[in-house]
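This report concerns only the one structure given below.
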Amino acid sequence: MQMKELGRSGLKLPSIMFGGNVFGWTADTATSFRLLDALMDAGLNAIDTADAYSRWVPGHKGGESEAIIGVWMKERKNRDKVIVATKVGMDLGQGKSGLSAKRIEYAVEASLIRLQTDYIDLYQAHRDDEATPLEETLEAFGKLVKAGKVRVLGASNYSAPRLRQALAVSEKLGLPRYESLQPHYNLAERAIFEDELGPLCREQQVGELAG
């Protein structure tokens, strides 16, 4: 499988990253394990999930997908062969939302526990949080990178102006930057990415993960 570097991060991913929001929702544990095993056999070792998957299902609280991935990696003893991407920032209820330093600090520990690992390969801001200063968010993420809990940072669902601003803040403060963007992009909705975000990512050498 051909691997490509994500932005300027040094992290190399296959051409296809599997979306893990089905785990614990439309795919039960046994089905999820079969899918994950098949992915690895095909050389597709990158899995994208989030702490919010699958809170929308009645009776779920979020984190179900991460938990299944964590059990699978523990049983298969393959953590070092898997690239795990997860996210923080969506509303999980009980005040658990956004990208404040306190929220990020709590959320990453919860994700690490569910994933049964001591590091996350790609930790993404699930959506922009305009109520929290970018400086606070990026400093909190930077601490995770420095502590070895996160290898690479990414953004999801950011507008072009806000992504540019975030990159500028990271450069100004000497902080790890967002090395990837996972935008809203599909055959029916192309303009926002193709007209604004795509050119910005290429200009700034930010990796693109179509979601």
Side-chain angles (χ1 to χ4, degrees), residues 3-21 46-53 66 83-91 97-109 111-112 115 119-185 192-211:
M3 307 291 278
K4 183 176 180 181
E5 184 177 355
L6 185 66
R8 305 183 314 196
S9 69
L11 181 65
K12 293 186 176 180
L13 304 178
S15 56
I16 298 175
M17 175 175 273
F18 189 83
N21 69 347
I47 305 163
D48 178 67
T49 185
D51 62 0
Y53 298 165
E66 289 181 329
I83 297 169
V84 178
T86 192
K87 311 183 196 74
V88 57
M90 288 295 191
D91 184 7
S97 66
L99 297 172
S100 69
K102 182 177 180 181
R103 173 63 192 143
I104 290 170
E105 181 180 359
Y106 174 87
V108 74
E109 295 300 334
S111 288
L112 289 170
L115 290 164
Y119 70 96
I120 293 165
D121 296 288
L122 175 62
Y123 200 39
Q124 303 162 96
H126 206 154
R127 66 178 180 187
D128 190 12
D129 175 12
E130 295 189 7
T132 301
L134 283 167
E135 291 82 358
E136 178 180 343
T137 296
L138 294 166
E139 285 176 356
F141 279 140
K143 288 179 180 178
L144 300 182
V145 174
K146 185 176 181 180
K149 295 179 180 181
V150 170
R151 293 178 63 192
V152 177
L153 300 173
S156 176
N157 300 308
Y158 271 53
S159 67
R162 285 287 284 179
L163 178 59
R164 184 180 292 278
Q165 186 180 359
L167 294 171
V169 169
S170 293
E171 183 176 8
K172 178 181 177 181
L173 300 180
L175 296 169
R177 70 171 200 158
Y178 292 141
E179 291 291 351
S180 66
L181 173 71
Q182 189 174 123
H184 181 73
Y185 182 60
I192 293 176
F193 177 75
E194 293 182 357
D195 294 348
E196 300 180 60
L197 285 164
L200 173 60
C201 288
R202 289 188 289 275
E203 171 196 323
Q204 297 292 326
Q205 295 180 282
V206 172
E208 302 160 9
L209 300 172

Tightest non-hydrogen contact, residues Asp51 and Glu66, listed as N-OE2, 3.7 Å
Can you check side-chain contact (heavy atoms from CB on, under 4.5 Å) on Val88 and Val108, steps first, answer last?
-> CA-CA 8 Å; Val88 57; Val108 74; over 6 Å; no
Ion pair Arg177/Glu179, N-O distance below 4.0 Å = yes
Can you tell me how far OG1 of Thr49 sits from CZ of Phe18, rounded to the nearest 0.5 angstrom?
-> 10.5 Å
What residues form a side-chain hydrogen bond (donor to acceptor under 3.5 Å, both in side chains) with Asp128, not counting sequence neighbours?
-> Arg162
Could you give me the CA-CA distance, side-chain angles and deciding distance for Leu197 and Tyr158, then say whether side-chain contact (heavy atoms from CB on, under 4.5 Å) is met?
-> CA-CA 9 Å; Leu197 285 164; Tyr158 271 53; 5.5 Å; no
Minimal non-hydrogen separation, Asp129 against Ser100, with atom names | OD2-N, 4.0 Å
Sub-4.5 Å side-chain heavy-atom contact between Leu13 and Ile83 | yes
Closest non-hydrogen contact found for Leu181 with Val206 is N-CG1, 3.7 Å
Considering all heavy atoms, the nearest Leu99-Gly89 contact | CD2-CA, 3.9 Å
For atom CD of Glu105, is the number of surrounding heavy atoms from other residues, nucleotides or ligands below 6.0 Å larger than 12?
-> no
What's the spacing between Phe141 CZ and Leu175 CG if we round to 0.5 Å?
-> 12.0 Å
Go through the steps to decide whether Val84 and Leu115 satisfy the test side-chain contact (heavy atoms from CB on, under 4.5 Å), and finish with yes or no.
-> CA-CA 9 Å; Val84 178; Leu115 290 164; 4.0 Å; yes
In this structure, CD1 of Ile47 is separated from CE of Met17 (nearest 0.5 Å) by 9.0 Å
Supply the atom-to-atom distance Arg103 CZ to Thr132 OG1, rounded to the nearest 0.5 angstrom.
-> 11.5 Å
What's the spacing between Leu6 CG and Glu208 CD if we round to 0.5 Å?
-> 10.0 Å
Between Gln204 and Leu163, is any pair of side-chain heavy atoms under 4.5 Å apart?
-> no
Salt bridge between Glu203 and Arg164, side-chain N to carboxylate O under 4.0 Å?
-> yes
Is there a donor-acceptor contact under 3.5 Å from the side chain of Glu136 to the main chain of Ala101?
-> yes
Heavy atoms of Ala160 and Glu196 approach each other most closely as CB-CB, 3.8 Å
Is there a side-chain contact between Leu209 and Leu122 (heavy atoms, below 4.5 Å)?
-> yes
Output side-chain donor-acceptor pairs under 3.5 Å for residues 148-156, partner residues at least two apart or in another chain, one line each.
from   : atom 1 : to     : atom 2 : distance (Å)
Lys149 : NZ     : Glu109 : OE2    : 2.4
Arg151 : NH1    : Asp121 : OD1    : 2.7
Ser156 : OG     : His126 : O      : 3.3
Ser156 : OG     : Gln182 : O      : 3.2

Closest non-hydrogen atom pair, Pro176 against Ser170 | O-OG, 3.4 Å
Looking at CD1 of Ile104 and NZ of Lys102, how far apart are the two atoms once the value is rounded to the nearest 0.5 Å?
-> 13.5 Å
